[in-house]
Amino acid sequence: MPEETLSFSDSEREFLEKYLPPNSRQHDGKLPSITLTFATSLDSSIALAPGVRTQLSGPRSKAMTHYIRSRHDAILIGVGTAAADDPALNCRLEGAGGYGSDGLSQQPRPIVIDPSARWALSEQSRILVLAKAGRGRAPYILTSNPSPPKESVELLERYGGKYISMGLSKVVAGRSHLDWKTILEQLKDEGLHSIMVEGGGSIINSLLEPQNQNHVSSVIVTIAPLWLGQGGVVVSPEQGTDETGTVITASTLKAVKWHPLGEDIVLCGTF
Ligand SMILES: NC(=O)C1=CN([C@@H]2O[C@H](COP(=O)(O)OP(=O)(O)OC[C@H]3O[C@@H](n4cnc5c(N)ncnc54)[C@H](OP(=O)(O)O)[C@@H]3O)[C@@H](O)[C@H]2O)C=CC1
Ligand SMILES: Nc1nc(O)c(N)c(N[C@@H]2O[C@H](COP(=O)(O)O)[C@@H](O)[C@H]2O)n1
């Protein structure tokens, strides 16, 4: 199926600028910056159910998401999202590489966090179909599996992707978690300095934990005017507690800006 080409005008871009990585900057050894972005319902759901691809963004906020993609070196998702959505993870903005210009300019590198290397990639995976067509890049997969499936290694390498090995940090409720600082160090070594994290629920909730928030430079959330109902994939980080054990607010945004876009509203902020 041909991918649609999107446009997002200069005047629409203005409100976002403060929350995006600068177009050019000195990296001076710092860890990559993270922009955390996702689309949510009014009941804080980002998908109808685990494993169900759910469109929430309207056409304007979808175009915004692709503009934000164009402003980052990489887009990062968890393996839950890769397996559920078979995502394209490219930039389909008019003028991006493969969408009106040659080469891969404005095409971010997809990054998948896949501790056990369980994502079943194939020649038909959308991400590789687009890489083959010169409309996106093949993914880098961060894993703590020392021997990912040989066929997947070969398939990835054929199109310019690869597995990157790193140690396992901890296991939470039966799920393997990689450590954010180590992830960012690995990405810095790959020359990637700005990372747009798109999801899914577990990845977002992990980054919203107090000990990980310091890695997040800004948050851009699209809020769609609907309720998905119970049973969805919910963004809701663990509650915090103070020194007496009393429950406190998990996270509060600062420097907040609200911007209506079509029927959605976009919330931007920092920690
Ligand atoms: N509306 C929106 O904007 C978006 C919606 N989505 C939706 O989200 C859903 C997927 O969310 P979810 O199932 O939570 O999966 P995720 O995409 O969040 O992936 C979670 C998995 O990543 C691995 N992982 C490694 N390190 C960490 C870490 N530090 N913190 C958390 N996870 C880590 C674990 O793998 P393992 O299980 O192998 O141990 C974990 O189960 C899909 O339905 C998708 O459609 C996704 C993105 C955006
Ligand atoms: N911004 C946004 N709005 C939605 O409604 C969404 N469902 C998502 N999902 C994220 O985008 C990925 C799909 O991207 P492609 O269109 O396949 O390039 C999906 O995997 C989620 O990360 N985002």
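Ligands are counted one by one from 1 in listed order, and the atoms in each one are counted from 1 as well. Positions are given from 1, in the same order as the sequence printed here. For the numbers below, each heavy atom of this structure counts, side chains included, while hydrogens, waters and symmetry mates do not.
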Backbone or side-chain N or O of [X] under 3.5 Å from ligand 2 N or O:
X   : value
T54 : yes
A88 : yes
R92 : yes
L56 : yes
S57 : yes
L89 : yes

Whether K62 lies under 4.0 Å from ligand 2, heavy atom: no
Within-shell test, R69 vs ligand 2, heavy atom, strictly < 4.0 Å: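 A heavy atom of R69 does come that close to ligand 2.
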If two hydrophobic side chains count as joined below 4.5 Å and joins carry through other members, does L76 share a cluster with L31?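 Yes, same cluster.
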So if you build clusters from Ile, Leu, Val, Met, Phe, Trp, Tyr with side-chain heavy-atom gaps below 4.5 Å, do V221 and I195 land together?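 Yes, one cluster joins them.
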Atoms in ligand 2 flagged as close to [X], the criterion being non-hydrogen separation under 4.0 Å:
X    : result
R126 : 17 (O)
R53  : 13 (C), 15 (P), 16 (O), 17 (O)
D85  : 19 (C), 20 (O), 21 (C)
E198 : 10 (C), 11 (O), 12 (C), 21 (C), 22 (O)
P87  : 17 (O), 20 (O)
A39  : 2 (C), 3 (N), 4 (C), 5 (O)

Quick check: does any side chain N or O of S218 sit under 3.5 Å from a backbone N or O of G269, one acting as donor and the other as acceptor?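 Pair absent, no side-chain N/O of S218 close to backbone of G269.
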Indicate yes or no for a side-chain donor-acceptor contact from S152 to the backbone of L121 under 3.5 Å, with no hydrogens or angles considered. no
Kindly indicate whether atom 5 (O) of ligand 2 is approached by any protein heavy atom to under 4.0 angstrom. yes
Under the 4.0 Å line, does any protein heavy atom show up next to atom 9 (N) of ligand 2?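 Flag for atom 9 (N) of ligand 2 set to false, no protein heavy atom closer than 4.0 Å.
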Within the 3.5 Å criterion, strictly below it, is a donor on [X] or [Y] matched to an acceptor on the partner's side chain?
X   : Y    : result
R71 : N23  : yes
Y99 : Q107 : no
T35 : H72  : yes

Sequence-distant partners of F38, ring pair (Phe, Tyr, Trp, His ring centres under 6.0 Å), two or more places apart: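 For F38 there are no ring pair (Phe, Tyr, Trp, His ring centres under 6.0 Å) partners, ignoring immediate neighbours.
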Partner of L142 under side chain to side chain contact (heavy atoms under 4.5 Å, CB included), chosen from T182, D114, I183: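 The option that passes is I183.
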Where at least one partner belongs to residues 242-256, residue pairs that pass side-chain hydrogen bond (donor to acceptor under 3.5 Å, both in side chains), sequence neighbours excluded: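 For residues 242-256, and leaving out neighbouring residues, the side-chain hydrogen bond (donor to acceptor under 3.5 Å, both in side chains) pairs sorted by first residue read Q213-S251, D242-T244, T244-T246.
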When rounded to the nearest 0.5 angstrom, what is the spacing between [atom1] in [X] and [atom2] in [Y]?
X    : Y    : atom1 : atom2 : answer
L267 : I265 : CG    : CD1   : 8.5 Å
H259 : M64  : NE2   : CE    : 9.0 Å
T37  : L20  : OG1   : CG    : 10.0 Å

In chain order, what residues pass the side-chain contact (heavy atoms from CB on, under 4.5 Å) check against W227, with sequence neighbours excluded?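 Result, side-chain contact (heavy atoms from CB on, under 4.5 Å) vs W227: L42, D43.
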What does the contact table look like for ligand 1 (nitrogen or oxygen on each side, cut-off under 3.5 Å)?
unit_1   : atom_1 : unit_2 : atom_2 : d
ligand 1 : 1 (N)  : A39    : O      : 2.9
ligand 1 : 1 (N)  : I46    : O      : 3.0
ligand 1 : 3 (O)  : A39    : N      : 2.8
ligand 1 : 11 (O) : G201   : N      : 3.2
ligand 1 : 14 (O) : G201   : N      : 3.4
ligand 1 : 14 (O) : S202   : N      : 2.9
ligand 1 : 14 (O) : S202   : OG     : 2.7
ligand 1 : 17 (O) : G78    : O      : 3.3
ligand 1 : 17 (O) : T81    : N      : 2.9
ligand 1 : 17 (O) : T81    : OG1    : 2.6
ligand 1 : 17 (O) : G200   : N      : 3.0
ligand 1 : 18 (O) : G200   : N      : 3.2
ligand 1 : 18 (O) : G200   : O      : 3.4
ligand 1 : 18 (O) : S202   : N      : 3.2
ligand 1 : 18 (O) : I203   : N      : 3.1
ligand 1 : 19 (O) : G80    : N      : 3.2
ligand 1 : 24 (N) : S176   : O      : 3.2
ligand 1 : 26 (N) : L178   : N      : 2.8
ligand 1 : 29 (N) : L178   : O      : 3.0
ligand 1 : 29 (N) : S206   : OG     : 3.4
ligand 1 : 30 (N) : S206   : OG     : 3.4
ligand 1 : 37 (O) : R118   : NH2    : 2.8
ligand 1 : 37 (O) : R175   : NH1    : 3.0
ligand 1 : 38 (O) : R118   : NE     : 2.9
ligand 1 : 39 (O) : S176   : N      : 2.8
ligand 1 : 43 (O) : G51    : N      : 3.4
ligand 1 : 45 (O) : D85    : OD1    : 2.8
ligand 1 : 45 (O) : D85    : OD2    : 3.1

